[in-house]
Structures are given as structure tokens and as C-alpha cells.
Participant: 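The structure's right below; bear with me while I get my questions together.
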Amino acid sequence: MTTAAMDRVRITDDLDLSRLVYGMWRLADDADTSPGHIRNKIAACLDQGITTLDQADIYGGYRAEELLGAALTPDLRTRIEVVTKCDIVVDAGRHVGARVKHYDTSRAHIVSSVDMSLKLMGLEAIELLLIHRPDPLMDHQETGRALDDLVSDGKVRAVGVSNFRPWDWALLQSAMQTPLGTNQIELSLAAPEGFTNGDVAFHQQRGQPIMAWSPLGGGALMTGDGPLAQALDAVARRDGVDRAAVATAWLLAHPAGILPVMGTNSINRIRALSDAFKVVMDRQTWFELYTAALGREVA
Ligand SMILES: NC(=O)c1ccc[n+]([C@@H]2O[C@H](COP(=O)([O-])OP(=O)(O)OC[C@H]3O[C@@H](n4cnc5c(N)ncnc54)[C@H](OP(=O)(O)O)[C@@H]3O)[C@@H](O)[C@H]2O)c1
């Protein structure tokens, strides 16, 4: 098995990620969750140079990290980077009995979640830990120090956030020594608001890579036959790829240097993920798709 060349994106001085990331939110939903099948999916990623796997403690009702851990071999471990997240608490798995869905950015919760992630995935360190959702009750001093300590203790190599607005980022960063490495936000032709509401601009200005979750709108962009579907299909026909490759290329073309986090469970679709790099996304093609997504011409 060879690892094909794929752009790498620098997150910190000693961590880079593959430009395309494979997300494991849906891992436990697959009909086949055997270690062998999960290894085949990872191998299909590695064949294209997709080395970064995106996890969260909560995925699969707090089960997806364990499924990945059961599949990882010592050799595979050396060839991947693991991203995981914490702070969402729901009444399931290890948090059964929680009375209300909530966020927990306390030191105790973050540290115990990281310890559990390390154990379930059989890792000595997590490459990148993200705070999953902004917590309205966050004590930024406590959370910031906990994240700094996890880095200096060697349990995680880098830290970042997810779904943070610029002011949430600034608040947490103000209480930290370690630079936050990335913000993972929803961004796609089905959810393009980040391109104009300041989220992308904030990180682009600072040269901070953005990870885009649900780049295919969670599958919504792949079904239907409206104007956006027709616009995607026209580009797909032109460049000999499928609709998913075009929707992904639309994100890759942005100068902020976005890392799409792809979520398919299908081996054949995983094998085609890097087709996104075959698409010619010139400015007018980008705007044709954007116009179709907005449902109107830009002003
Ligand atoms: N940070 C956060 O808050 C957050 C939130 C959500 C997700 N995420 C991350 O982002 C990752 C990706 O999210 P996502 O799974 O929603 O991404 P996505 O790639 O936008 O959507 C994947 C879904 O689209 C379907 N799909 C793909 N190609 C298709 C096609 N040609 N025809 C029909 N259906 C198709 C897949 O079905 P098949 O499996 O059948 O191909 C799958 O259900 C997650 O795994 C997770 O790592 C993060």
C-alpha cells in the first residue's frame, strides 16, 4: 500500500494534516463495523494520501472511538493523525443519566474525556483535540489552562475548536499559551454562510486553517435535481467526476485553504474522494455554483 502525494496543511510547528480528512461521525451507523472493514476504509484513505481521521468522543453514542481503536494496528497508527473532540454530554454511553444535553468545558471533564479517548483508541497521544461546541458557561481561564496542560503533558499534540465564532475563539485564546490550531465549522454549498458572516475571514486573515464539516451537506447535495444539483452535474460531466467531487472542489478552491472533512461510509465513494482535485474550479464556475446555492444572483 503506497501513500499518494496529497497536499499537507500545517496546523502547528510539528503537526500537519492531510488536505482531505476522513470523518468518523457515521462510523457506527455502517452495517459493517468490524475491524477488518474499518481497516479497509482507512486503507482506501491512505491510498490517496488521506491520513487524517476525524473523531469525537460522542460519535456513535460514545462508541465510534472504540470501533476505531479495535481496528488500529501498530503499523496503521504510525501512518495516521487522529483528531478528536469533547465537551458534548448527552444521555448515552458513559454519560447515561445526563438530565439535559449540555456542554462541559471544565478541566475535569476535558481531562477525563481525553483519558477515555486515549484508552478507547489505544493511543499514547492524540494529534489534535478540539472543543466540540462553544460552551456558554465556559470559564476561559480554566479551559485554556486545561488545554495548555494537555499539550505540555504530551497527551495531545495540538488543540483547536469547532463551531466557534470569532469572539468565542478570541476569548479562549486570550487565556492560553498554546496557539489554537484550527476551527472546524460547517461549510459547504448547502451551508455557505461562513464565507460572508466573518467566520472564514477571521481565520483567513490570521492564516489559520479551517476544517469544513459536512462538505456535501450531510448528503443533501447528493440528492435532488434542482438548480444546484444541475449546476454540480454540469461541472461533474465536464470534468469526468461525480457531484461530490465538484462540491468538495468548491471548498478546496477557496484561498483560505479549507480542509473538507468527508463522511461517506461507502468504500467506493472513499476511493473517489481525491477526484475533487481533478475539478477545474475557475472563478466563474465557483460563482455559478454559489449563485445556484443562494438561489439568486449576487448583488
Ligand atoms: N464538528 C462538528 O460539529 C461536526 C458536525 C458534523 C460532522 N462533523 C465531521 O464531519 C464529517 C463529515 O460529515 P458528514 O458525514 O455529514 O459529511 P458529508 O460528506 O457532507 O456527508 C456524508 C453523507 O453523504 C452521503 N453521500 C455521500 N456521497 C453520496 C452520494 N453520491 N449519493 C448519496 N449520498 C451520498 C453519505 O452516505 P454514504 O455513507 O452512503 O456514502 C453520508 O451519509 C463527520 O464524519 C465528522 O467527522 C463534525
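Read the numbers this way: they start at 1 and go in the same order the structure lists the ligands and their atoms.
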Participant: Is the distance between the ring centroids of His109 and His95 less than 6.0 Å?
Facilitator: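 Ring centres of His95 and His109 closer than 6.0 Å.
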Participant: Salt bridge or not for Lys85 and Asp54, using N-O below 4.0 Å?
Facilitator: yes
Participant: Looking only at protein heavy atoms, identify the closest one to atom 17 (O) of ligand 1 and say how far it is in Å.
Facilitator: Ser214 CA, 3.4 Å
Participant: Within the 4.0 Å heavy-atom shell around Asp54, which atoms of ligand 1 are there?
Facilitator: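 Matching atoms, with element in brackets: 9 (C), 46 (C), 47 (O).
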Participant: List the closest protein heavy-atom neighbour of atom 31 (N) of ligand 1: residue, atom name, distance to the nearest 0.1 Å.
Facilitator: Arg269 NE, 3.4 Å
Participant: Is the closest basic N to carboxylate O distance between Arg165 and Asp168 below 4.0 Å?
Facilitator: no
Participant: Does some non-hydrogen atom of Ala244 fall short of 4.0 Å from ligand 1?
Facilitator: no
Participant: Shared ILVMFWY cluster between Phe164 and Leu171, side chains joined below 4.5 angstrom?
Facilitator: yes
Participant: What protein heavy atom lies closest to atom 6 (C) of ligand 1? Include the residue and the distance to one decimal.
Facilitator: Trp213 CE3, 3.2 Å
Participant: Give me the atom names and distance for the closest heavy-atom approach of Val89 to Asp104.
Facilitator: CG2-CB, 4.1 Å
Participant: Number the atoms of ligand 1 from 1 as they appear, then name those within less than 4.0 Å of a heavy atom of Thr264, with their elements.
Facilitator: 38 (P), 39 (O), 41 (O)
Participant: Regarding ligand 1, does Asp242 bring an N or O atom to under 3.5 Å of one of the ligand's N or O atoms?
Facilitator: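 It does not: no N or O of Asp242 is found under 3.5 Å from an N or O of ligand 1.
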Participant: For ligand 1, which atoms have a heavy atom of His132 less than 4.0 angstrom away?
Facilitator: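 The atoms of ligand 1 under 4.0 Å from a heavy atom of His132 are 1 (N), 2 (C), 3 (O).
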Participant: Tell me whether Thr223 reaches ligand 1 (any heavy atom closer than 4.0 angstrom to a ligand atom).
Facilitator: no
Participant: I'd like to check whether Gly263 has a polar contact with ligand 1, where a contact means an N/O of the residue lying under 3.5 Å from an N/O of the ligand.
Facilitator: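 Yes - when backbone and side-chain N and O of Gly263 are compared with those of ligand 1, one distance drops under 3.5 Å.
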Participant: Has Arg63 got its NZ or CZ under 6.0 Å from the middle of the six-membered ring of Tyr59, at an angle within 45 degrees of the ring axis?
Facilitator: no
Participant: Which of the atoms in ligand 1, numbered in the order shown and given with their element, are less than 4.0 Å from a heavy-atom of Gln184?
Facilitator: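 Numbered from 1, ligand 1 contributes 1 (N), 2 (C), 4 (C), 8 (N), 9 (C), 48 (C).
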Participant: Considering distance alone, does some N or O of Met222 sit under 3.5 Å from an N or O of ligand 1?
Facilitator: no
Participant: Only heavy atoms of Tyr59, strictly under 4.0 Å: list the atoms of ligand 1 that pass.
Facilitator: 4 (C), 8 (N), 9 (C), 46 (C), 47 (O), 48 (C)
Participant: Using a 3.5 Å cut-off on N or O atoms only, is Lys85 in polar contact with ligand 1?
Facilitator: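 No; the residue has no nitrogen or oxygen that sits under 3.5 Å from a nitrogen or oxygen of the ligand.
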Participant: Quick one: are the ring centres of Phe195 and Trp250 less than 6.0 Å apart?
Facilitator: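 That pair passes the under 6.0 Å test.
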Participant: Give me the residue, atom name and distance of the protein heavy atom closest to atom 24 (O) of ligand 1.
Facilitator: Gly219 CA, 3.1 Å
Participant: Any idea which protein heavy atom is nearest atom 15 (O) of ligand 1, and the distance to it?
Facilitator: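 For atom 15 (O) of ligand 1, the nearest protein heavy atom comes out as Arg26 NE, 2.6 Å.
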Participant: When you check the side-chain N and O atoms of Ser117 and Asp57, is any donor under 3.5 Å from an acceptor?
Facilitator: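 No, no side-chain donor-acceptor contact under 3.5 Å.
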Participant: Tell me: protein heavy atom nearest atom 39 (O) of ligand 1, and distance?
Facilitator: Asn265 N, 2.7 Å
Participant: Which residue holds the protein heavy atom closest to atom 1 (N) of ligand 1, what is that atom called, and what is the gap in Å?
Facilitator: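 In this structure, atom 1 (N) of ligand 1 has Ser162 OG, 2.8 Å as its nearest protein heavy atom.
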Participant: Output the list of atoms in ligand 1 that are nearer than 4.0 Å to some heavy atom of Asn163, sorted by atom number.
Facilitator: 1 (N), 2 (C), 3 (O)
Participant: Surrounding CG of Asp14 (heavy atoms of other residues, nucleotides or ligands, distance under 6.0 Å), is the total greater than 12?
Facilitator: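 Enclosed: over 12 neighbouring heavy atoms sit under 6.0 Å from CG of Asp14.
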Participant: Could you tell me which atoms of ligand 1, counted from 1 in the order shown, lie closer than 4.0 angstrom to a heavy atom of Arg133?
Facilitator: 3 (O)
Participant: Should Glu124 and Arg77 count as an ion pair when the cut-off is N to O under 4.0 Å?
Facilitator: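 Between Arg77 and Glu124 there is no salt bridge, as every charged N stays at least 4.0 Å from the carboxylate O atoms.
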Participant: Salt bridge between Arg10 and Asp16, side-chain N to carboxylate O under 4.0 Å?
Facilitator: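 Salt bridge: yes.
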Participant: Check the surroundings of atom CG in Asp225: do more than 12 heavy atoms from other residues, nucleotides or ligands lie under 6.0 Å from it?
Facilitator: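 At most 12 heavy atoms, drawn from other residues, nucleotides or ligands, come within 6.0 Å of this atom.
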Participant: Starting from atom 7 (C) of ligand 1, what is the nearest protein heavy atom, named by residue and atom, and what distance separates them?
Facilitator: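 Among all protein heavy atoms, the one nearest atom 7 (C) of ligand 1 is Trp25 CE3, 3.6 Å.
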Participant: Spell out, yes or no, whether Met262 and Trp213 are grouped together once hydrophobic residues are joined by side-chain heavy atoms under 4.5 Å, including indirect joins.
Facilitator: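 Met262 and Trp213: separate clusters.
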